Trainee: 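First the structure, which I've put down as C-alpha cells, then a few questions once you've had a look.
Keep in mind it's a predicted model, so treat the numbers as computed, not measured.
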Amino acid sequence: MSPAPVIIAIDGRSGAGKTTLAVELAARLRAHHKVSLFHLEDIYPGWNGLAAGIERYVSTVLAPLSRGEAATWVSWDWERHYDGDARVTLPAEIVIVEGVGAAAAEAGPLLSAVIWAESPDDVRRTRALERDGATYEPYWDQWAAQEDEWLGRDDVPRHADVRVRNLADGSAPADILQVLPYLPALAPALAPELSSRRGLRLRAERLGAHPDASALFRSLYGNSAKAVWLDSSNAGTADSRAGHEGPGNIAPGAAARSRFSIMADDGGMLGQSVTHSSGRSQVSAGCATATVEGAFFRWLGTVWGPAAVDVPEGYPGEFVLGWLGYLGYELKRETGGTDVSSPTPDAALIFACRAVVLDHEDGSVWILALDAPDAADWLAQAKAAVAAAGQPAQDGGSTGVVLPAATAFRSRDTRAEYQAKIAAAQHEIAEGNSYEVCLTTTLAAAVPADSLDSWDAYLALRRRNPAPFASYLKLGGVTVASTSPERFLKIGSDGGMRAEPIKGTRRRASEPGEDAQLREDLATSLKDRAENIMIVDLLRNDLSHFAVPGSVTVSRLCAIESYATVHQMVSTIDARLLPGTSRAEAVAACFPAGSMTGAPKISTMAILDRLEGAARGIYSGAVGYFSLNGATDLAVAIRTLVIRTEGDGTAGLSLGVGGAITADSVQDEEYEEIRTKAFGVLSTLGAEFPEG
C-alpha cells in the first residue's frame, strides 16, 4: 500500500473544459511528481446516470485511492449502453479526478482540493458537442437537468478551493498552478512548484531618462484594472516658505524617503493579486482564483521572506519586484485587536512580476521583469513608454478637482460628539487604561461614479500636497489616493529596521513670519513632544520583539519636518532584525502603527473600538511593498482618500482624520487639528469640512 496521495478534483458543468484541463495540469505536475488521472465519464452508468455515477466513483475509485490503494472499478460502455470492462487506477503521489460530480458532497471528505471550472453556456455546449459529436446532442438537455438538480442541493462552486474561468485559450493550467501551492493542504506536496519561483532570474535595464511620471503611469497602466504607483511626489520639489530644511528646502528625512517611485500592475504570465477579508484570502492569477482560509500575516509569510532573487548589479533600490498594495487597519484582529468587519478588504496586494522604478536622485529609470517568456516583449514596451513620456511638466497642472455642486462631506461625529469622545478618552487615561488615545473619525460623501475621475483627483492631490509616501492604488472596485508623509516600517534586505512615527501637527501659513511661528510653536510644544515620545517608546517595544538585543536606537527625536500644508514632528527608531526571523511576523508585531493607536497598544485599540464604533478600513493601515529580496517599506495610510465603487452607480468617498488625545488635551484644539489634517484633501476636492 502506498502513502495516502494528494487528491485534486476538477469539477464543473459539461463542456467547461475539465478533461483538457486535467490532462494539461497532470502533464505539468509530472515534472516533479508521479501523477494518476481518473475521468468520471468512464464510470457514469448512462445518460441518466449522474447520481449513480457519483456513488460508484466515490465507493469504488475515490475511497481506495484515498487510502493509497489501487482502485478496481467497472467502466461504462457508451456504445452498448451497459457495463464494460473492469479497470484499475493506480495510486500516485498526486491523483487528479475530473468530471461532473468529482467534488460532490460525498467525495468532499476524501479530497485535498477542489477546482471548479466554469465557462459561458454557449461555449460549454459548443465545446462538448465538438468533443463528443452527435452522440451527445440528443442528451444535452437531459444531462443538463441532472446537473441543475445536483447543484441545486450541492453548491460545489461556492465551496471550491479554486475557481477558474476556462476560456480554452491555454492559460488555465499555468494560472491554476500558480495558486494551488497557496492551499495549505497542497503546500507540502507542491513545495517544488513553490520553490521553483525562487529560482527565477531578474532582468533589469537602466535607462538614462527622466520621464513625466504621471504620463508614464497612464501609458503603461491606465487600462489596468489593478495597478499601483508608490509615488515619491515631493521628490525634487521645493517650498519657498519652508526655508529650514536644508538643500532644496526639503526636510533631510523626507528627502531620503523620496528617492524612488515604483509603478506596476498584476499583468504578465506570473502576475497575481490577493484580497483578504475576515480570515479569508482570495488569490488570483489570470483566470484562476484560490480561496485560502487563515490569518493574512501567516499567508504573507508563505510568499514573502528570504531573498528569492538577486539584486541587479548597480541597482540602488531595495524593491526588486514582489507584492504591492495596502494592509487595512482591521488586520489588528491578528495582532491583539478585536474582530471588526470592514466595508473594504482588510488587505489588497498585487504581485508585480515586472515594474518601472524611477530613481529621482540620479534622474534615471530602471525597468525590471522576472525572466518569463513574455518578459522581452514587455521590456521593449516599457522602454518605448519611457521614451514617449517626455520630460516632467513644468506648469504643475491643476491642484483642484470639481465635484458635483451638491456634494457635501458628512462626518461620522459632530463637533459635540467628537469632543464628547475626547472626554471619554481622557476618562480612560485617568483610569489608567491608556496613556494616549489616537481618536479618529471619518468624513464621507457619495457622488455619481461617472462624475469623479479618481486619476485626476490623485494628480491634483499630489500637486497640492506632495509627500514622500504618496500613492495611487487601483485595486478593482477600490481606489486609494494618498499623500502620506509618514513611514510606518522599513525592513531592508540586510535586516535593518526603521520606524518614523509622526505625532504633532501644525498648519502652514502663507505669510513667512506666521509660518515660522507655527513651526516654532510645534517644536517647543511640551504636549506634542510628550505625545511623540510615548509613541517612540511604544515602537521601541514593537521593534524589540524581533530585533537583535541591544540594536534598538532612537536616531532622531521630535524633529520638525515641513510639507506643503502642514508642519510635522517626526522621530526615527532603528533596529536590526534578528537573523532567521520571519519578516512577516516582524511586520505583524508592529501593526497597526502605534502612532495611529496610542499606548499601550492593545488596551488602547479596545478603547478605540468602543469610542469610534465603526471600522477604519484602509485609513491608518499601511501602504507599500514586500520585495522578493526580503525588503519592505510601508507608509501609514493617512491623508488618504478612499474611493469605493458601489453597485448602484455611485462612488463612495471617505477620508479618515484623527489626533492623539492625552490627559492635558484641549477639546477645541484637538478638533481644530483634525480640520487641519483634512484640509489638504478636502480643499483639493473643492469641499468644506462639515459643520456641526
Trainee: Using side-chain heavy atoms (C-beta onward) and a distance below 4.5 Å, is Ile176 in contact with Leu21?
Mentor: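 Heavy-atom side-chain distance check passes, below 4.5 Å.
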Trainee: Test your reading of the model: is there a side-chain donor-acceptor pair from Ser484 to the backbone of Val636, 3.5 Å cut-off?
Mentor: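 A pair under 3.5 Å: yes.
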Trainee: Among residues at least two apart in sequence or on other chains, which ones pass salt bridge (charged side-chain N to carboxylate O under 4.0 Å, His left out) with Arg206?
Mentor: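 Counting only residues at least two positions away or on another chain, Arg206 forms a salt bridge (charged side-chain N to carboxylate O under 4.0 Å, His left out) with Asp362.
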Trainee: With distance as the sole test, does Lys677 use its side chain to make a donor-acceptor pair with the main-chain N or O of Val657 at under 3.5 Å?
Mentor: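 Flag not set: sc Lys677 to bb Val657 has no pair under 3.5 Å.
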Trainee: Using the side-chain contact (heavy atoms from CB on, under 4.5 Å) rule, take Ile638 and Tyr619 through it: C-alpha gap first, then chi angles, then the decisive distance, then the call.
Mentor: CA-CA 6 Å; Ile638 55 175; Tyr619 168 61; 4.0 Å; yes
Trainee: Measuring from atom CG of Leu358 to atom CG of Leu207, what distance do you get when rounded to the nearest 0.5 angstrom?
Mentor: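 If we round to the nearest 0.5 Å, Leu358:CG and Leu207:CG are 10.0 Å apart.
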Trainee: Just by modelled atom types, is the Ser232 backbone N or O under 3.5 Å from a matching donor or acceptor in the Ser261 side chain?
Mentor: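 Pair found, side chain donor or acceptor close to backbone of Ser232.
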Trainee: Has Asp265 got a side-chain atom pairing as donor or acceptor with Tyr221's backbone, closer than 3.5 angstrom?
Mentor: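 Flag not set: sc Asp265 to bb Tyr221 has no pair under 3.5 Å.
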Trainee: Would you call Tyr563 and Thr483 a side-chain contact if the rule is heavy atoms closer than 4.5 Å?
Mentor: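 No. Closest side-chain heavy atoms not under 4.5 Å.
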Trainee: Salt bridge (charged side-chain N to carboxylate O under 4.0 Å, His left out): which pairs involve residues 285-304, sequence neighbours left out?
Mentor: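 Matches after skipping sequence neighbours: Arg280-Glu293.
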Trainee: Taking atom CD of Gln282 and atom OG1 of Thr291, what is their separation to the nearest 0.5 Å?
Mentor: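 If I round to the nearest 0.5 Å, the distance is 3.5 Å.
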Trainee: I want to check something: taking the side chain as every heavy atom from C-beta on, are Leu634 and Phe591 in contact at a cut-off of under 4.5 Å?
Mentor: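 Answer no - side chains too far apart.
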Trainee: Quick one, Leu628 and Leu370 - any side-chain contact, counting heavy atoms below 4.5 Å?
Mentor: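 Answer yes - side chains close enough.
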Trainee: Closer than 4.0 angstrom, basic N to acidic O: yes or no for Glu205 and Arg203?
Mentor: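 No.
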Trainee: Using the side-chain contact (heavy atoms from CB on, under 4.5 Å) rule, pick out the option among Thr302, Val162, Leu183 that qualifies with Val292.
Mentor: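 The passing option is Leu183.
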Trainee: I need the minimum non-hydrogen distance between Cys287 and Asp175, along with the two atoms involved.
Mentor: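 So the minimum-distance heavy-atom pair works out to N-OD2, 3.0 Å.
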Trainee: Verify whether one side chain among Glu318 and Ser493 offers a donor that lies under 3.5 Å from an acceptor in the other.
Mentor: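 There is such a pair between these side chains.
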Trainee: For Phe679, I'd like to know if atom CZ has over 12 heavy atoms of other residues, nucleotides or ligands within 6.0 Å.
Mentor: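 Open: at most 12 neighbouring heavy atoms sit under 6.0 Å from CZ of Phe679.
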Trainee: Looking only at heavy atoms, what is the nearest atom pair of Arg163 and Glu118, with distance?
Mentor: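 Heavy-atom minimum between the residues: NH2-OE1, 2.8 Å.
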Trainee: So, Lys18 side chain and Arg13 main chain: donor-acceptor pair closer than 3.5 Å or not?
Mentor: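 Yes; at least one donor-acceptor contact below 3.5 Å.
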Trainee: Below 4.5 Å, heavy atoms only, C-beta onward: do Phe488 and Ser595 meet side chain to side chain?
Mentor: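 Phe488 does not reach Ser595 side chain to side chain.
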Trainee: Locate the shortest heavy-atom distance separating Gln381 from Leu220; write the atom from each residue and the value.
Mentor: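 Scanning both residues completely, I find the closest heavy atoms to be NE2-CD2, 4.1 Å.
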Trainee: Side-chain contact test, heavy atoms from C-beta onward, threshold under 4.5 Å: evaluate it for Val228 versus Ile262 and give yes or no.
Mentor: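 No, their side chains stay 4.5 Å or more apart.
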Trainee: Determine, for Arg259 against Asp359, whether the closest basic-nitrogen to carboxylate-oxygen distance falls under 4.0 angstrom.
Mentor: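 Yes, charged N to carboxylate O under 4.0 Å.
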Trainee: Under 6.0 Å from the CG atom of Asn223, do we count more than 12 heavy atoms belonging to anything else shown?
Mentor: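 Incorrect, the count does not exceed 12.
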Trainee: Looking at CG of Leu682 and CG of Leu641, how far apart are the two atoms once the value is rounded to the nearest 0.5 Å?
Mentor: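 Here the interatomic distance stands at 9.0 Å.
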Trainee: Strictly distance-based, threshold 3.5 Å: is any side-chain N or O of Thr684 a donor or acceptor partner for the main-chain N or O of Gly680?
Mentor: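 Yes; judged by distance alone, with no hydrogens or angles, the pair exists.
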Trainee: Is any side-chain heavy atom of Ser278 closer than 4.5 Å to a side-chain heavy atom of Arg333?
Mentor: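 SC-SC contact between Ser278 and Arg333 confirmed.
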Trainee: Using modelled atom types and a 3.5 Å cut-off, is there a donor and acceptor pairing between side-chain atoms of Ser284 and backbone atoms of Ser273?
Mentor: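 Not a single qualifying donor-acceptor pair exists.
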Trainee: Just how far is it from atom OG of Ser620 to atom CD of Glu486, taken to the nearest 0.5 Å?
Mentor: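 Taking OG in Ser620 and CD in Glu486, the distance rounds to 10.5 Å.
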Trainee: Which is it for Leu270 and Arg354 under the side-chain contact (heavy atoms from CB on, under 4.5 Å) test, yes or no, and what are the steps along the way?
Mentor: CA-CA 9 Å; Leu270 301 176; Arg354 53 206 195 183; over 6 Å; no
Trainee: Assess whether ring-ring contact (aromatic ring centres under 6.0 Å, His included) is satisfied between Tyr458 and Trp229, documenting all intermediate values.
Mentor: CA-CA 11 Å; Tyr458 174 67; Trp229 180 10; 5.7 Å; yes
Trainee: Only pairs at least two apart or in different chains count here, so list each ring pair (Phe, Tyr, Trp, His ring centres under 6.0 Å) that has a residue in residues 267-294.
Mentor: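 For residues 267-294, and leaving out neighbouring residues, the ring pair (Phe, Tyr, Trp, His ring centres under 6.0 Å) pairs sorted by first residue read His276-Phe296.
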Trainee: Would you say the side-chain atoms of Lys226 pair up with the backbone N or O of Gln272, donor to acceptor, closer than 3.5 Å?
Mentor: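 Not a single qualifying donor-acceptor pair exists.
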Trainee: With a 4.5 Å cut-off on side-chain heavy atoms, are Ser214 and Leu459 touching?
Mentor: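 Result yes, sub-4.5 Å side-chain heavy-atom pair found.
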Trainee: The test is salt bridge (Lys or Arg N to Asp or Glu O under 4.0 Å); show your working for Arg257 and Glu500 and say whether it passes.
Mentor: CA-CA 11 Å; Arg257 303 178 207 117; Glu500 295 184 280; 2.9 Å; yes
Trainee: Between Ser258 and His360, does any side-chain donor sit less than 3.5 Å from a side-chain acceptor?
Mentor: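 No.
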Trainee: Which value, rounded to the nearest 0.5 Å, describes the distance between Ile115 atom CD1 and Ile8 atom CD1?
Mentor: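 Answer for the CD1-CD1 pair, Ile115 versus Ile8, is 5.5 Å.
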Trainee: Give me the atom names and distance for the closest heavy-atom approach of Ser342 to Ala615.
Mentor: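 Of all heavy-atom pairs spanning Ser342 and Ala615, the closest is CA-CB, 3.9 Å.
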Trainee: Decide ring-ring contact (aromatic ring centres under 6.0 Å, His included) for Phe260 and Trp366; before the verdict, give the C-alpha distance in whole Å, the side-chain angles of both, and the deciding distance to 0.1 Å.
Mentor: CA-CA 10 Å; Phe260 300 102; Trp366 288 82; 9.5 Å; no
Trainee: Tell me if the CG atom of Asp310 is crowded by more than 12 foreign heavy atoms within 6.0 Å.
Mentor: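 12 or below, so no.
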Trainee: Carefully, step by step, assess Leu321 and Val309 under the rule side-chain contact (heavy atoms from CB on, under 4.5 Å).
Mentor: CA-CA 9 Å; Leu321 303 178; Val309 298; over 6 Å; no
Trainee: Does the side-chain contact (heavy atoms from CB on, under 4.5 Å) test come out yes or no for Phe351 and Asp266, once each step is laid out?
Mentor: CA-CA 6 Å; Phe351 178 78; Asp266 63 344; over 6 Å; no
Trainee: Can you tell me how far CZ of Phe319 sits from OG1 of Thr632, rounded to the nearest 0.5 angstrom?
Mentor: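 With rounding to 0.5 Å, OG1 (Thr632) is 10.5 Å from CZ (Phe319).
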Trainee: What pair of heavy atoms forms the shortest contact from Trp378 to Ala369, and how long is it?
Mentor: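 Heavy atoms of Trp378 and Ala369 come nearest at CE3-CB, 4.2 Å.
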Trainee: Write down the atom of Pro345, the atom of Thr275, and the distance for their closest heavy-atom approach.
Mentor: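 Of all heavy-atom pairs spanning Pro345 and Thr275, the closest is CB-CB, 4.3 Å.
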